[in-house]
Amino acid sequence: MTEVARRLPEGMRYSTARSPTWMLNQLPLGMLDSDFFVRFVSMFQELGETLFADADNVDNFADLSVAPMPAVRWLGSWIGVDGIDASLPDELQRRIVGSTAQTLAWRGTVAGLKRFLELISGGAADVVDGGGVWRAGDTPEDTAWVRMTVASTGWLTEADFIKLVRDEVPAHVRAELVVDGRHVWASDAEESA
């Protein structure tokens, strides 16, 4: 380890700017006098520069605030956020992936479901469920239900919104969704159909 690397804070890497002629500078002096060799090596230097530029940017590739938009959608697919519409505003796409990543550990809970609904609806959400902690013998008969209420479906159609919500609710839980005061979906209605 170099002396400079030892003085850097933990996790920081030492980086130096490359000379614009970094590959040419490696040629023996006799070859630098040959126009052919200089032009020939310059082609590889140009190609190498694009490879180095990508390699220099690897640390930023997974940073949602600066990653290219195709990479943001690709990173989303890692955590189950498939099919983000590329026509959505860039900031919304970044927020969808980032918020989903932050709430992934809470998936299937009231807090996680509420955060998910707020993210996709763009407004406040209310989630009430039958879960809880009771003394032995005091447990209600029906605890596997959830009622979700939002003001709107945000940027999604109602059918797409319901599809996303259906995927978020635990499979064993009876669920119902209310949008702007209208009862739009119930899981037990699907089961009886």
Side-chain angles (χ1 to χ4, degrees), residues 8-13 15 50-133 143-180 182-191 193:
L8 290 174
E10 184 67 32
M12 298 276 300
R13 294 184 324 172
S15 172
T50 61
L51 296 174
F52 273 133
D54 288 344
D56 290 343
N57 204 21
V58 163
D59 288 347
N60 298 325
F61 192 75
D63 182 348
L64 291 176
S65 64
V66 294
M69 289 317 299
V72 170
R73 291 187 293 276
W74 178 68
L75 288 168
S77 72
W78 287 17
I79 56 172
V81 183
D82 296 319
I84 294 177
D85 187 349
S87 67
L88 292 173
D90 291 354
E91 193 53 42
L92 179 57
Q93 293 180 57
R94 293 178 194 281
R95 195 177 75 203
I96 289 169
V97 174
S99 295
T100 303
Q102 291 170 0
T103 61
L104 197 57
W106 295 99
R107 190 168 190 199
T109 67
V110 171
L113 190 54
K114 180 177 166 97
R115 178 70 180 116
F116 176 79
L117 290 169
E118 290 173 344
L119 168 69
I120 61 175
S121 72
D126 185 40
V127 178
V128 181
D129 74 339
V133 178
T143 60
W145 59 269
V146 64
R147 179 182 172 97
M148 301 157 285
T149 306
V150 293
S152 81
T153 60
W155 47 273
L156 291 168
T157 66
E158 198 168 276
D160 288 340
F161 190 85
I162 291 169
K163 183 179 176 190
L164 284 177
V165 170
R166 184 185 304 126
D167 287 343
E168 284 299 307
V169 175
H172 71 285
V173 174
R174 237 180 30 264
E176 59 183 59
L177 176 64
V178 176
V179 176
D180 193 27
R182 294 179 302 111
H183 189 269
V184 298
W185 173 71
S187 60
D188 53 354
E190 287 180 345
E191 293 168 8

Taken to the nearest 0.5 Å, the spacing of Asp188 CG from Arg174 CZ works out to 6.0 Å
Rounded to the nearest 0.5 angstrom, the CD-OG1 distance for Glu176 and Thr149 is 8.0 Å
Does the side chain of Ile96 reach to within under 4.5 Å of the side chain of Leu88, using non-hydrogen atoms? yes
Rounded to the nearest 0.5 Å, what's the gap from NE2 on His183 to CG on Leu177? Could you check? 8.0 Å
When every non-hydrogen atom of Val150 is compared with those of Ala125, the smallest separation belongs to CG1-CB, 3.8 Å
Least distance between heavy atoms, Ala86 atom then Gln93 atom: O-NE2, 3.3 Å
For Trp74 and Ser77 the tightest heavy-atom approach is O-OG, 2.5 Å
Looking only at heavy atoms, the pair that brings Val66 and Arg94 closest together is N-NH1, 3.9 Å
Least distance between heavy atoms, Gln102 atom then Trp106 atom: O-CD1, 4.2 Å
In the structure I gave you, are the side-chain heavy atoms of Lys114 and Met148 within less than 4.5 Å of one another anywhere? no
Heavy-atom pair with the smallest gap, counting every atom of Leu164 and Leu156: CD1-CD1, 3.4 Å
Pairwise distance CG(Leu117) to OG1(Thr153) - rounded to 0.5 angstrom: 11.5 Å
Check ion pair Glu91-Arg95 (N to O, under 4.0 angstrom): no
Phe161 side chain near Val184 side chain, heavy-atom distance below 4.5 Å: no
Roughly how far, to the nearest 0.5 Å, is CD1 of Ile162 from OG1 of Thr157? 8.5 Å
Once you round to the nearest 0.5 Å, how far does CD1 of Ile79 lie from CZ of Arg107? 10.0 Å
